[in-house]
Student: 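Below you'll find the structure I mean.
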Amino acid sequence: MNLILWIVIGGILGWLASLVMKTDAQQGLILNVVVGIVGALLGGWLLAPALGTGTINSDDFSLASLGVSFIGALILLAIVNLVRRGRVR
(Lines give C-alpha, C1' and ligand atoms only; values in the text may rest on other atoms or scores of the structure.)
Protein backbone atom coordinates (compact mmCIF):
# COMPACT_ATOMS: atom_id res chain seq x y z
CA MET A 1 0.00 0.00 0.00
CA ASN A 2 2.90 2.33 0.74
CA LEU A 3 4.20 2.00 -2.85
CA ILE A 4 0.84 3.09 -4.26
CA LEU A 5 0.74 6.09 -1.94
CA TRP A 6 4.32 6.95 -2.93
CA ILE A 7 3.42 6.89 -6.64
CA VAL A 8 0.22 8.92 -6.18
CA ILE A 9 1.86 11.62 -4.06
CA GLY A 10 4.88 11.69 -6.39
CA GLY A 11 2.53 12.20 -9.33
CA ILE A 12 0.69 15.02 -7.59
CA LEU A 13 3.94 16.75 -6.61
CA GLY A 14 5.34 16.32 -10.13
CA TRP A 15 2.14 17.74 -11.62
CA LEU A 16 2.18 20.75 -9.27
CA ALA A 17 5.86 21.39 -10.04
CA SER A 18 5.16 21.20 -13.78
CA LEU A 19 2.36 23.74 -13.36
CA VAL A 20 4.69 26.13 -11.53
CA MET A 21 7.47 25.69 -14.11
CA LYS A 22 4.97 25.90 -17.02
CA THR A 23 5.95 22.52 -18.50
CA ASP A 24 2.61 20.80 -17.89
CA ALA A 25 1.59 20.81 -21.56
CA GLN A 26 4.75 18.86 -22.48
CA GLN A 27 4.43 16.19 -19.79
CA GLY A 28 2.03 13.33 -19.36
CA LEU A 29 0.97 11.38 -16.32
CA ILE A 30 3.96 9.03 -16.28
CA LEU A 31 6.48 11.86 -16.58
CA ASN A 32 4.75 13.75 -13.76
CA VAL A 33 5.14 10.70 -11.52
CA VAL A 34 8.80 10.34 -12.50
CA VAL A 35 9.46 14.04 -11.87
CA GLY A 36 7.79 13.83 -8.47
CA ILE A 37 9.71 10.76 -7.33
CA VAL A 38 13.10 11.78 -8.75
CA GLY A 39 12.53 15.30 -7.44
CA ALA A 40 11.89 13.85 -4.00
CA LEU A 41 15.17 11.95 -4.25
CA LEU A 42 16.96 15.13 -5.31
CA GLY A 43 15.33 17.14 -2.54
CA GLY A 44 16.26 14.45 -0.04
CA TRP A 45 19.85 14.55 -1.17
CA LEU A 46 20.16 18.36 -1.28
CA LEU A 47 17.67 19.82 1.20
CA ALA A 48 16.60 17.22 3.75
CA PRO A 49 19.91 17.12 5.67
CA ALA A 50 19.96 20.91 5.97
CA LEU A 51 16.34 21.10 7.11
CA GLY A 52 16.41 17.99 9.27
CA THR A 53 13.42 16.32 7.63
CA GLY A 54 12.76 13.39 5.34
CA THR A 55 11.07 13.10 1.98
CA ILE A 56 8.18 11.07 0.64
CA ASN A 57 10.74 8.45 -0.39
CA SER A 58 11.81 7.90 3.21
CA ASP A 59 8.27 7.06 4.44
CA ASP A 60 7.88 10.45 6.09
CA PHE A 61 4.53 11.87 5.01
CA SER A 62 4.65 15.15 6.91
CA LEU A 63 4.12 18.66 5.60
CA ALA A 64 7.87 19.34 5.73
CA SER A 65 8.66 16.22 3.70
CA LEU A 66 6.07 17.17 1.09
CA GLY A 67 7.64 20.64 0.86
CA VAL A 68 11.15 19.24 0.45
CA SER A 69 9.93 16.80 -2.20
CA PHE A 70 8.09 19.58 -4.05
CA ILE A 71 11.14 21.87 -4.01
CA GLY A 72 13.25 18.96 -5.27
CA ALA A 73 10.83 18.49 -8.17
CA LEU A 74 11.06 22.21 -8.97
CA ILE A 75 14.86 22.02 -8.94
CA LEU A 76 14.75 18.99 -11.25
CA LEU A 77 12.48 20.75 -13.76
CA ALA A 78 14.66 23.88 -13.60
CA ILE A 79 17.74 21.79 -14.43
CA VAL A 80 15.92 20.05 -17.31
CA ASN A 81 14.74 23.40 -18.69
CA LEU A 82 18.23 24.84 -18.38
CA VAL A 83 19.74 21.95 -20.32
CA ARG A 84 17.01 21.80 -22.99
CA ARG A 85 16.37 25.49 -23.56
CA GLY A 86 19.31 27.34 -22.08
CA ARG A 87 17.12 29.10 -19.51
CA VAL A 88 15.27 28.13 -16.35
CA ARG A 89 11.96 29.75 -17.43
Student: If hydrophobic clusters are built by linking Ile, Leu, Val, Met, Phe, Trp and Tyr wherever their side-chain heavy atoms come under 4.5 Å apart, do V34 and L3 end up in the same one?
Tutor: yes
Student: Minimum heavy-atom separation for L76 and G39, please, with both atom names.
Tutor: CD2-N, 3.9 Å
Student: Please determine whether residues I37 and I4 belong to a single hydrophobic cluster, defined as Ile, Leu, Val, Met, Phe, Trp and Tyr linked transitively by side-chain heavy-atom distances below 4.5 Å.
Tutor: yes
Student: Which distance, rounded to the nearest 0.5 Å, do you find between the OG1 of T23 and the CH2 of W15?
Tutor: 12.5 Å
Student: Which atoms form the tightest heavy-atom contact between A64 and T53, and what is the distance?
Tutor: CB-OG1, 3.6 Å
Student: Kindly compute the distance separating OG (S69) from CG (L47), expressed to the nearest 0.5 Å.
Tutor: 9.5 Å
Student: Which distance, rounded to the nearest 0.5 Å, do you find between the OG of S18 and the CG of L74?
Tutor: 9.5 Å
Student: Among the clusters formed by ILVMFWY side chains lying less than 4.5 Å apart, do L41 and V80 turn up in the same one?
Tutor: no
Student: Grab the two heavy atoms, one from A17 and one from A73, that are nearest each other, plus how far apart they are.
Tutor: CB-CB, 3.7 Å
Student: If the condition is side-chain contact (heavy atoms from CB on, under 4.5 Å), which residues does I9 pass it with, not counting sequence neighbours?
Tutor: L5, L13, I56, F61, L66
